[in-house]
Each structure stands twice: as structure tokens, then as C-alpha cells.
Amino acid sequence: MTTALGPRSATEIRAYLEDRLNQALRRPGTFGGEMARS
């Protein structure tokens, strides 16, 4: 993995967050194992 200098672009941030969301939805136990309550 390379380290970029300076701030990330909005596109990079969105892609990262979408990836994390997909991971959390596929494996909720990895991310705490708790169900969210509204």
C-alpha cells in the first residue's frame, strides 16, 4: 500500500467509505457484532 501526501479527494474518501460499509454489511461480527437500533 502506498501513502499519498496531502488530503484525499472526495472520490477517494467515498470509495473508502463504500468499501467499509460493504464489509460491515457482509460480516457484521467483524465490526462489533452488535445490531444498530433506531
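This is a predicted model, so every value here is computed, not measured.
Summarising the geometry, atom CD belonging to Q23 is positioned 7.5 Å from atom CZ belonging to R27; distances are rounded to the nearest 0.5 Å.
For R20, the salt bridge (charged side-chain N to carboxylate O under 4.0 Å, His left out) test picks out no residue, with sequence neighbours left out. By the side chain to side chain donor-acceptor pair (under 3.5 Å) test, N22 pairs with no residue at all, sequence neighbours left out.
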